[in-house]
Amino acid sequence: MHTIKLAAICTPADYKTHPLNTIYINFIDALPMVKYNSKNNKRLIHFSTYEVYGKTIGSFLPKDSPLQQDPAYYLLTEDASPYIFGLIKKHRWSYACAKQLIERLFTVTEGVENGLEFAIVWPFNLIGPRMDFILGIDGPSEGVPKILACFNNNLLRHEPLKLIDGGESQRPFIYIKDAVEAVSLMIDNPGRANGHIFNVGNPNNEVTVIYAKVSGEPPLEAPTVDVSSKEFYGEGYDDGDKRIPYMTMINK
């Protein structure tokens, strides 16, 4: 028998508006489930986030450094990459901190001391049908969905795409069907998956969006507009940069 833990607050805008709930749901409320699985010898598959990595080493390189183009400084490896978070006052990192703390509890304490069997999934931005909402169309009229839903919202309203802080941060996306297949392998192969952390992502999916082709509308005079993260998300927001998942573990 096993438990698959999926519940979480995982929308960046909510880390600012609901910081306490973010920590409680991702750590405090998850504790009883971990204890239950450990006590009853049930295997745990825990959905987490690639945000536990925080920032990459590449994000600290000088802007004019030629090393900025070297993918090695943005590659994230489950068992080797350091975890580099932003400032305490940046609410952005409350989600990642809560996720990492619960994982440290059941990998070190429950796993080592009490023999809990587990596998951890670190997904890199899942996309697919019904994964998010469009403001006022299939969801609330207020709020801030994730980035692709925000872009779709702009396209449907024939508005410029809003690029946060110049749009320099990059996202690795993976289609939901591919992610489900990866997790199914973890479920079906406990002997190979137990005790491991798995990146689930796509390291080769950088995409350039051409407004007119996507929207079907005539191109705008200014198809994009720069918006500061403070204006878009509020005080306390922070972000990573270019993050590339190392996929050797899951491919084994």
Side-chain angles (χ1 to χ4, degrees), residues 1-10 23 25-54 56-57 71-72 74-85 95-131 171-205 240 243-252:
M1 296 293 293
H2 57 258
T3 300
I4 302 176
K5 196 268 185 185
L6 296 166
I9 287 181
C10 54
I23 294 173
I25 289 175
N26 290 301
F27 176 63
I28 303 297
D29 292 347
L31 286 174
M33 177 205 62
V34 175
K35 293 292 186 181
Y36 174 84
N37 277 28
S38 180
K39 180 180 179 180
N40 293 278
N41 297 315
K42 291 182 179 290
R43 182 175 178 233
L44 174 62
I45 297 177
H46 176 68
F47 252 75
S48 182
T49 172
Y50 76 107
E51 290 196 17
V52 296
Y53 285 115
T56 65
I57 295 174
Y74 305 93
L75 191 64
L76 299 173
T77 307
E78 298 97 328
D79 295 328
S81 296
Y83 307 137
I84 308 172
F85 290 168
Y95 171 58
C97 285
K99 282 290 192 181
Q100 188 185 117
L101 187 55
I102 193 69
E103 289 161 20
R104 289 185 183 276
L105 181 138
F106 65 70
T107 56
V108 177
T109 305
E110 295 297 338
V112 174
E113 294 186 10
N114 299 326
L116 174 68
E117 294 185 348
F118 67 88
I120 300 174
V121 185
W122 283 351
F124 283 67
N125 292 300
L126 305 182
I127 58 172
R130 310 295 297 179
M131 292 293 295
R171 295 286 186 274
F173 291 99
I174 179 171
Y175 189 60
I176 183 64
K177 181 180 178 181
D178 297 326
V180 169
E181 289 179 358
V183 175
S184 296
L185 289 174
M186 298 177 206
I187 295 172
D188 296 338
N189 297 276
R192 296 168 63 186
N194 283 351
H196 294 293
I197 301 171
F198 298 92
N199 287 339
V200 176
N202 184 350
N204 303 304
N205 65 344
R243 290 173 278 195
I244 304 173
Y246 187 70
M247 298 300 294
T248 298
M249 183 69 74
I250 192 67
N251 286 330
K252 289 180 179 180

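In this chain, numbering begins with 1 at the start of the sequence shown. What's counted below: heavy atoms across the whole structure, side chains too, no hydrogens, waters or symmetry copies.
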Would you say I23 has more than 12 foreign heavy atoms packed within less than 6.0 Å of its CD1?
yes

V183 side chain near F47 side chain, heavy-atom distance below 4.5 Å:
yes

Rounded to the nearest 0.5 angstrom, the NZ-CD1 distance for K5 and I120 is 11.5 Å

Distance-minimising heavy-atom pair for F85 and A96:
CZ-CB, 3.8 Å

How long is the span from the CD1 atom in I187 to the CZ atom in R43, to the nearest 0.5 Å?
7.5 Å

Just wondering, do F198 and L185 contact through their side chains at under 4.5 Å, heavy atoms?
no

Here the gap from E78 atom CD to M247 atom CE, rounded to the nearest 0.5 Å, amounts to 8.0 Å

Locate the shortest heavy-atom distance separating I25 from A8; write the atom from each residue and the value.
CG2-CA, 4.0 Å

CD1 (I244) and OH (Y53) are apart, to the nearest 0.5 Å, by 12.5 Å

M33 versus L44: any side-chain heavy-atom pair under 4.5 Å?
yes

Could you go step by step and tell me if L76 and W122 meet the side chain to side chain contact (heavy atoms under 4.5 Å, CB included) rule?
CA-CA 11 Å; L76 299 173; W122 283 351; over 6 Å; no

Heavy-atom side-chain contact between Y50 and N125 under 4.5 Å:
yes

Non-hydrogen atoms of D29 and P32 that approach each other most closely:
O-CD, 3.5 Å

Passes side chain to side chain contact (heavy atoms under 4.5 Å, CB included), I102 versus L31? Steps please.
CA-CA 7 Å; I102 193 69; L31 286 174; 3.7 Å; yes

Strictly distance-based, threshold 3.5 Å: is any side-chain N or O of T107 a donor or acceptor partner for the main-chain N or O of E103?
yes

Should F118 and H46 count as side-chain neighbours, where that means a heavy-atom distance under 4.5 Å?
no

Compare all side-chain heavy atoms of H196 with those of M249 and state whether any distance is below 4.5 angstrom.
yes

Step-by-step side chain to side chain contact (heavy atoms under 4.5 Å, CB included) determination, R171 to I127
CA-CA 11 Å; R171 295 286 186 274; I127 58 172; over 6 Å; no

Distance (rounded to the nearest 0.5 Å) between S48 OG and N26 CG
8.5 Å

Work out which heavy atom in Q100 is nearest to a heavy atom in V52; give both atom names and the distance.
NE2-O, 3.5 Å

Of all heavy-atom pairs between P129 and Y175, which one has the smallest distance, and what is that distance?
CD-OH, 3.6 Å

Please determine whether side chain to side chain contact (heavy atoms under 4.5 Å, CB included) holds for the pair E117 and N37, giving the CA-CA distance in whole Å, both sets of side-chain angles, and the decisive distance to 0.1 Å.
CA-CA 9 Å; E117 294 185 348; N37 277 28; over 6 Å; no

With a 4.5 Å limit on heavy-atom distance, are the side chains of N199 and F124 in contact?
yes

Give me the atom names and distance for the closest heavy-atom approach of P172 to P245.
CB-CD, 4.2 Å

Output for pair (E51 CD, Y83 OH), nearest 0.5 Å, gives 14.0 Å

Looking at side-chain heavy atoms only, is the closest gap between S184 and V180 below 4.5 Å?
yes

